[in-house]
Amino acid sequence: MKKIAIYGKGGIGKSTTASNIAASMSTMGLKVMQIGCDPKADSTQMHTHGQEIKTVLDQLRNREKDITLENMVKKGNDGVMCVECGGPIPGTGCAGRGIITAFEELKKLGALSVYKPDVVLYDVLGDVVCGGFAMPLRADYSRNVFIVTSGEKMSLYAAANIALALEHFKGRGYAQLSGIIQNSRNIENEDKLVEKFAKENGVPVIGVIPREELITYAEGLQKTLVEAFPDSSTAKLYEDLAKKILDLSEDIEDDDM
Amino acid sequence: MTTCKEQLQYSSPANGSWNLSHICSLMPQTHILFAVPLGCSRIIKLSALEKGIADRFWTLNIQNQDLVSGDIEKVIIEGAVQTIERLTKAGRRPRALMIFVSCIDEFIGCDHDVFLSELRKRYPDMRFIDGFMNPIDRHTDLPPIVNIQNKLTAFWERPKVVKAVNFIGSFLPPNEDNELVEYLLSYGYKTCHMYTRRTFDEYIAMGESALNIVTHPAGVYAAKQIQGRLGQAWSELFSFKTTDELIDSYNRICNMLCIPAPDFIKLKRQTSDYFIKKATEFSGCPIVISDSATIKPYALALYLLDMGFSVKMIFVQGPSPIDKPDMLRQKYPEVKIYNVDSPKTALIYKSRKYALPEAVAVGELAAYICRSEHYVPQIAFCEQPGFRALIKLIDQMEQSIKTPRPLEDIQIHGKGCCGL
């Protein structure tokens with residue numbers, strides 16, 4: 001089993017990238033579980049063609065009698081098992097606490113031992129803003145972290161913050177930074193800027209996704225590009241990226257979160 | 001969604017029972033560090049002072065800067081190191097340190113493995129365990145009282161098996177004159193309880209006993225975990241039990257220890273006769289019972305009524321996991337059962353609807369609600385099993401008529417714990 005976390009600045013295309021990577025892995029015949037760790041709960045919607053899924057926190061909040069894995073894990077049209085942690089109503093509660101609570105609930109219900117995915121992919125909101133958003137970095141949850149960034153200043157700044165958090169946790173046996181994924185915004189010297197950042201952090205740029213109309217068009221169809229346009233050159237890029245991520249990620253004995 | 005109305009609960013002042021500080025102090029040569037904000041540690045400090053164990057309690061005041069710095073694990077490690085070093089210098093190095101956190105820990109995502117593993121590395125001769133004084137704890141679904149019993153027994157070891165039996169679940173050991181204790185002793189089995197362990201080594205050696213006898217349901221989870229971990233068998237002896245149920249339980253326990261079943265028929269008859277005789281002497285004196293005194297208030301009421309006593313009211317603070325009112329309601333529908341969890345209780349109390357000052361109350365909650373000074377200050381977690389304990393209960397009820405106790409005593413925090 002490989003446990004992977006995707007981090008990056010809000011709006012940089014993490015969910016799109018994570019979903020396309022998950023879809024590619026699923027196409028390769030792997031059992032993939034994508035866990036959205038954003039209170040907006042929109043990480044997995046491309047797998048479900050826009051159909052909303054009941055979040056872990058919704059079930060807990062409503063104190064439903066049967067809080068079950070069946071109600072939390074929904075199989076997407078591309079075979080990816082989708083989970084959304086969810087969060088409090090915007091402007092209320094504590095989103096970080098929400099992530100912790102959702103993770104503990106999934107652990108308690110034995111999500112990984114029941115579904116036995118080959119790959120678990122955590123798609124984590126924006127930045128490591130508090131202890132809650134660092135939860136997926138713990139060794140129980142993920143072993144390898146990939147940061148999605150463009151060459152834009154703010155995106156690289158957020159990426160640097162994430163790298164800083166990982167540095168802070170060194171020695172705790174937490175997940176390690178394993179690579180950078182460039183999601184291009186077509187700014188000047190973008191490749192060089194991202195390459196420089198990767199070098200400074202001692203990891204490779206493992207893929208460059210071009211700014212592509214087709215990706216946006218597929219999103220409009222509420223599908224991943226990999227599902228909507230499997231023969232496109234960008235789908236091939238995602239496939240290569242998925243393979244690189246698998247190569248760079250630690251293989252661990254089947255266990256739970 | 002739970003409404004505010006459903007969440008509001010009445011909590012009477014008759015709740016001064018065992019809390020974390022009392023329970024944790026059962027583990028000898030162990031110190032307890034509370035890594036919590038100042039306000040959260042107040043009650044713990046007071047309890048420790050009341051019990052005279054303040055020299056084993058340490059508090060690390062978690063402040064706002066610790067929350068925003070993101071170094072909470074480091075702060076806890078430093079606090080623990082300071083505590084241990086200071087004690088070591090004073091020649092009082094503890095054998096174990098329990099580190100308690102509060103609900104603030106839940107929001108900042110404190111990683112307990114980080115501080116526990118670091119401390120275990122630095123002090124390999126010591127044991128470390130974490131705990132939660134946290135009403136919103138989501139680390140476990142276990143009630144705090146169940147969780148703490150499990151934590152407290154986590155250090156037990158079983159390098160060999162000795163001829164001994166543990167009593168767990170309740171916070172006090174069975175009385176020395178308990179017939180089962182005497183009977184087991186006659187077969188060479190000594191009995192152990194956390195309360196009587198004087199050293200840490202004695203404490204962890206409880207894992208060597210042949211059997212755990214669980215006297216309160218809150219100890220069952222721990223017993224099951226111990227069985228899984230050490231292979232130590234367990235059997236229940238929850239109070240209250242009728243004389244017939246006691247015979248069954250004793251037979252089962254002896255069977256598990258491969259010793260002959262005791263012949264307690266005579267003691268059983270003596271107990272029943274004593275109850276019947278005393279019921280006549282009580283001559284209709286009203287009796288009220290609360291679940292603060294026993295985990296089985298309905299069963300106790302039913303037994304007393306069957307023996308001729310006049311039970312009038314039962315006060316409970318929620319459903320009991322092992323006692324149902326059905327049989328009592330069917331046989332004695334006139335007995336009033338009140339759930340005093342409801343916020344309405346405060347108003348009813350003020351209106352004196354439950355006032356019955358002449359009643360004999362079994363349990364401080366019943367005494368408080370009925371405003372009776374004739375009460376047995378028994379606490380559910382210290383309830384005694386056995387025939388002689390039943391006789392003693394009747395004697396205490398009788399004594400309460402002759403010697404009233406001030407109701408104010410009920411409101412003293414921790415009264416009734418460990419001889420307070």
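To find a chain, count down the sequence lines: A is the first, B the second, and so on, and within it residues start at 1. This structure is a prediction, so every number in the text was calculated from the model and none was measured.
Residue B:R229 qualifies as enclosed at atom CZ: its count of foreign heavy atoms under 6.0 Å is above 12. For B:K324, the NZ atom is densely surrounded, since the number of other residues' heavy atoms within 6.0 Å is greater than 12. Within 6.0 Å of CD on A:E52 lie no more than 12 heavy atoms contributed by other residues, nucleotides or ligands.
Rounding to the nearest 0.5 angstrom, the gap separating the CG atom in B:D113 from the CZ atom in A:R172 is 10.5 Å. The line from CG of B:L67 to SG of A:C130 is 12.0 Å long, rounded to the nearest 0.5 Å.
Looking at heavy atoms from C-beta onward, A:Y174 lies in side-chain contact with B:D111 at the 4.5 angstrom threshold.
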